Amino acid sequence: MADQSECPSLSDGILPPELHAWMLLLAATGAVEQELRSVVKERLDVSHDEFLVLCLLGTRPMDGLRMTKIAEHLGRPKTRLTYQIACLQHANLVTRKSVCGDKRGVEVALTEKGRRLLSEASDSLAHTVREALARFMGPDQRGALCALLPDLAEEAKQE
């Protein structure tokens with residue numbers, strides 16, 4: 001995790017703003033993922049990649065997503081995703097069913113248990129994300145991120 005004083009400003013270096021922003025985004029994402037791994041394991045008892053599947057499914061009301069769409073959204077090979085879905089199904093966190101009219105299509109959805117578990121853990125997971133970003137980013141980067149994340153902006157105002 002980087003010290004906030006080490007966070008480079010936009011005017012440092014030779015990178016154009018887009019590449020600079022991309023590098024900061026990658027670094028911040030890495031810091032968040034590192035912090036989340038242990039909390040996810042403790043609170044949900046799933047791997048980080050399985051957690052990403054749960055989060056993606058949690059964005060859907062009650063319907064599911066096709067395996068190909070999940071793989072596409074998460075940038076994962078479908079073969080690797082099949083194993084993760086099997087683990088989640090074994091834990092009764094997701095269901096798998098064939099898509100009507102498509103022999104090869106498989107749709108995955110959260111079970112009630114999966115939805116409840118994700119909902120119960122969401123506050124502590126969101127807190128972990130906020131803390132990781134606050135420790136990693138400098139004031140300028142945090143200000144920019146606050147504009148994108150309303151809850152983070154509210155906390156920044158209270159400080």
Side-chain angles (χ1 to χ4, degrees), residues 1-2 4 7 21-137 141-159:
M1 212 167 346
Q4 287 184 6
C7 289
W22 175 245
M23 294 306 296
L24 287 173
L25 182 60
L26 286 176
T29 301
V32 169
E33 286 186 349
Q34 187 176 32
E35 294 279 325
L36 268 180
R37 285 184 197 283
S38 61
V39 177
V40 164
K41 189 65 177 164
E42 178 186 312
R43 293 298 311 263
L44 301 173
D45 195 30
V46 297
S47 72
H48 184 70
D49 285 344
E50 291 164 358
F51 168 66
L52 296 177
V53 172
L54 292 176
C55 284
L56 184 59
L57 293 173
T59 65
R60 311 294 293 183
M62 292 307 274
D63 56 338
L65 274 175
R66 292 185 111 176
M67 291 266 296
T68 51
K69 282 292 181 193
I70 295 171
E72 183 181 301
H73 286 303
L74 297 178
R76 304 286 195 270
K78 193 174 173 207
T79 52
R80 183 173 166 196
L81 185 62
T82 300
Y83 173 76
Q84 293 164 343
I85 298 296
C87 291
L88 290 169
Q89 187 177 21
H90 181 73
N92 195 29
L93 299 176
V94 301
T95 59
R96 247 191 311 205
K97 67 178 183 178
S98 296
V99 176
C100 186
D102 184 353
K103 293 178 186 175
R104 298 181 308 159
V106 175
E107 186 176 87
V108 180
L110 284 175
T111 61
E112 198 52 48
K113 176 184 176 183
R115 198 169 288 287
R116 186 181 66 253
L117 189 65
L118 189 58
S119 178
E120 289 169 358
S122 289
D123 286 342
S124 65
L125 295 168
H127 176 74
T128 301
V129 170
R130 285 191 301 273
E131 289 292 311
L133 289 173
R135 282 193 302 274
F136 177 80
M137 296 182 149
Q141 291 83 19
R142 186 168 180 198
L145 188 61
C146 283
L148 299 173
L149 299 172
D151 289 344
L152 192 58
E154 285 302 312
E155 282 186 18
K157 287 179 189 173
Q158 294 171 3
E159 291 176 354

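Owing to the predicted nature of the structure, the values given are computational and were not obtained by experimental measurement.
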Nearest 0.5 Å, what's the [atom1]-[atom2] distance between [X] and [Y]?
X: I70; Y: K78; atom1: CD1; atom2: NZ; value: 10.0 Å
X: E50; Y: L44; atom1: CD; atom2: CG; value: 10.0 Å
X: E42; Y: L125; atom1: CD; atom2: CG; value: 10.0 Å
X: K41; Y: S47; atom1: NZ; atom2: OG; value: 7.0 Å
X: H73; Y: R66; atom1: NE2; atom2: CZ; value: 12.5 Å
X: Q34; Y: H48; atom1: CD; atom2: NE2; value: 11.0 Å

| said: List the residues meeting side-chain hydrogen bond (donor to acceptor under 3.5 Å, both in side chains) with S124, not counting sequence neighbours, and say none if there are none. | reply: R43

| Which heavy atom in A132 sits nearest to a heavy atom in A31, and how many Å separate them? | CB-O, 4.1 Å

| Shortest non-hydrogen separation from L81 to M67 and the atoms involved | CD2-O, 3.4 Å

| request: Using a 4.5 Å cut-off on heavy atoms from C-beta on, say whether the side chain of V46 contacts that of L117. | output: no

Return a table of donor-acceptor pairs under 3.5 angstrom between the side chains of residues 84-97 and protein atoms on other chains or two or more places apart.
residue : atom : partner : partner atom : Å
Q84     : NE2  : D49     : OD2          : 3.3
Q89     : OE1  : R96     : NE           : 3.0
Q89     : OE1  : R96     : NH2          : 2.8

| Sole residue of V108, L110, V106, L57 in side chain to side chain contact (heavy atoms under 4.5 Å, CB included) with L65 | L57

| Pair E112 + R115, salt bridge at N-O below 4.0 Å | no

